[in-house]
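Inspection log for the structure reproduced underneath, given as structure tokens.
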Amino acid sequence: MRAFGFLSFGHYGSGPADNGFGAKTSLHSALDLAVGADELGVNGAYFRVHHFAKQNASPMPLLSAIAARTKGIEVGTGVIDMRYENPLYLAEEAAALDLLSDGRVALGISRGSPEPARRGWEAFGYEGDAPAGADMAREKFAKFMRAVRGETMTDADPAQFGPGQRLRVEPHSPELHKHIWWGAGSRDTARWAGEQGVNMMSSTLLTEADGTAFGDLQAEQIDVFRQSFADAGHGWTPRVSVSRSVFPIMDNRDRLYFGLGGRESNDQIGVIDGLRSTFGKTYADTPDRLIEQLRDDAAVMSADTLMLTVPNQLGTEFNLHILESFAKHVAPELGWKPNTEGPVEGDAA
């Protein structure tokens, strides 16, 4: 691990019990958190994308606002659900964001996680031939990547350009293809992502459960991805991220919210989309104990970037406290380099 960022699920509410933490408050809090994190040297601000839910849904306005207010922090998603997207419009937006941010983009894309809506992508005007829409997501992703890489996508008007001319999506950002990530939840998906020539965000859950520890499963997945990427001969070094819930216990308020759960917390086994899956444990302990525990997490130490899932509804001030505690007391012992030292680099196979 050389870099860390925060991953916000963007939850908000609208009832009296939510203390006014609605969509507007959530968005402004996310912006303020990213600005504060940038000042701390945190490497990334990443946001989950969920539709038909009281969570982040349309990331580009938020990411653009963050990019305009910050200097070093990476802005991205974890992940955009490709089932809901128009590939060429997303390519236009992504290129504009990459250019505005001077290349500080880490756009995570995948099939997405289970949604509240039943086949909600069809309400957006897209149809898939499988119940979960996975095949549709990959087909649309392939078209998106062709546009991102600058391939021509449609015939030009011969009256304006002459016969036989074709057009690419504009604007075009030449390095954007190196800033695209695929969210992978299995070794097979990791191998596929390597073949496609994109970076990999290892999911918060893995659709595999054979008794192996979550971190060890992810480390195997990372190895598979990097070898697949190298075998495909893409000619550059990809990045890999993993996400964890990590809470340094610094005071009584931290203890009230999280206790000292690091000693007792274990990986969890569940079923997602009919697949037996493994969920990672929560780390909540004193900084010295967290350093020991995270050093023993094979995936955290293998990935170049760690995403810390933050409880966004607890507000900007408390989440900055979490990030600052991790930056000062834990991250340096794990190999962290702040964003002032430049862009994060990946590792070869």
Side-chain angles (χ1 to χ4, degrees), residues 48-52 57-60 76-98 105-155 166-173 176-203 205-208 221 224-225 228-229 231-234 238-240 272-275 277:
R48 289 287 291 270
V49 179
H50 280 284
H51 300 287
F52 298 108
S58 181
M60 292 304 181
T77 53
V79 294
I80 291 173
D81 190 332
M82 200 67 202
R83 297 173 296 183
Y84 287 79
E85 297 295 327
N86 178 310
L88 299 192
Y89 185 67
L90 182 62
E92 289 179 344
E93 287 191 314
L97 176 63
D98 201 53
V105 170
L107 210 62
I109 299 172
S110 191
R111 191 217 72 179
S113 59
E115 297 281 347
R118 181 177 178 271
R119 300 177 69 90
W121 56 89
E122 292 182 346
F124 275 52
Y126 307 115
E127 295 185 1
D129 57 2
D135 292 342
M136 176 182 63
R138 290 193 179 190
E139 290 173 5
K140 293 170 77 172
F141 183 70
K143 188 173 185 178
F144 166 77
M145 288 305 300
R146 287 173 52 210
V148 163
R149 291 182 170 119
E151 295 183 28
T152 56
M153 304 303 296
T154 189
D155 293 331
R166 288 179 59 80
L167 303 174
R168 71 180 185 184
V169 164
E170 297 289 353
H172 174 67
S173 179
L176 175 59
H177 70 282
K178 296 181 181 179
H179 305 157
I180 306 299
W181 304 58
W182 184 262
S186 69
R187 281 167 284 198
D188 287 342
T189 307
R191 184 177 295 106
W192 179 85
E195 293 169 352
Q196 303 310 303
V198 294
N199 306 290
M200 185 180 76
M201 289 182 176
S202 189
S203 175
L205 62 90
L206 298 178
T207 54
E208 298 171 320
Q221 182 192 50
V224 167
F225 164 75
S228 174
F229 192 100
D231 291 345
H234 295 295
R239 300 230 343 250
V240 173
I272 294 291
D273 286 344
L275 297 172
S277 305

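Between the side chain of Thr189 and the backbone N or O of Ala184, no donor-acceptor pair lies under 3.5 Å. Using modelled atom types, one side-chain atom of Gln221 and one backbone atom of Ser186 make a donor-acceptor pair closer than 3.5 Å. Here the side chain of Arg48 pairs a donor or acceptor atom with the backbone of Gly78 at under 3.5 angstrom. A donor-acceptor pair under 3.5 Å is absent between the side-chain atoms of Asp81 and the main chain of His50, judged by distance alone. The backbone N or O of Glu195 sits less than 3.5 Å from a side-chain atom of Ser228, completing a donor-acceptor pair. In terms of modelled atom types and a separation under 3.5 Å, the side chain of Arg83 and the main chain of Arg111 share a donor-acceptor contact. Panel note: side chain Thr77, backbone Gly108; a donor-acceptor pair is recorded below 3.5 Å. A donor-acceptor pair is defined here as one N or O able to donate and one able to accept, closer than 3.5 Å; no such pair exists between the side chain of Asp155 and the backbone of Arg166.
Taking CZ from Arg191 and CD from Gln196, the interatomic distance works out to 13.0 Å, rounded to the nearest 0.5 Å. With rounding to the nearest 0.5 Å, the separation of CZ in Arg239 from NE2 in His179 is 8.5 Å. With rounding to the nearest 0.5 Å, the separation of CG in Asp98 from NZ in Lys178 is 11.5 Å. Taking CG of Leu176 as the reference point, atom CG of Leu107 lies at 7.5 Å (rounded to 0.5 Å).
Between Trp121 and Met136 the shortest side-chain heavy-atom distance falls below 4.5 Å. Residues Ser202 and Phe225 have side chains not in contact (no heavy-atom distance under 4.5 Å, counting atoms from C-beta outward). Side chains of Lys143 and Leu88 form a contact here, defined as non-hydrogen atoms less than 4.5 Å apart.
Across Val148, Leu90, Ile109, Ile80, a single residue satisfies side chain to side chain contact (heavy atoms under 4.5 Å, CB included) together with Phe141, and that is Ile109.
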Show, in sequence, the C-alpha distance, side-chain angles and deciding distance for His234 and Val198, and conclude whether the side chain to side chain contact (heavy atoms under 4.5 Å, CB included) test is met.
CA-CA 9 Å; His234 295 295; Val198 294; over 6 Å; no
Run the side chain to side chain contact (heavy atoms under 4.5 Å, CB included) test on Trp181 and Val79 for me, step by step, so that the C-alpha distance in whole Å, both residues' side-chain angles and the decisive distance to 0.1 Å come before the verdict.
CA-CA 9 Å; Trp181 304 58; Val79 294; over 6 Å; no
For Glu85 and Phe144: C-alpha separation, side-chain torsions, deciding distance, then whether side chain to side chain contact (heavy atoms under 4.5 Å, CB included) applies.
CA-CA 10 Å; Glu85 297 295 327; Phe144 166 77; over 6 Å; no
Applying side chain to side chain contact (heavy atoms under 4.5 Å, CB included), run through Met82 and Tyr126 and close with a yes or a no.
CA-CA 10 Å; Met82 200 67 202; Tyr126 307 115; over 6 Å; no
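Ala232 and Gly194 make their closest contact through CB-O, 4.2 Å (heavy atoms, listed as atom of the first residue, atom of the second, distance). Across every non-hydrogen atom of Pro171 and Ala95, the tightest pair is O-CB, 3.2 Å.
For Phe124, the ring-ring contact (aromatic ring centres under 6.0 Å, His included) criterion is met by His51, Phe52, Tyr84, not counting sequence neighbours. For the salt bridge (Lys or Arg N to Asp or Glu O under 4.0 Å) test, residues two or more places apart in sequence or in another chain that qualify with Arg146 are Glu151.
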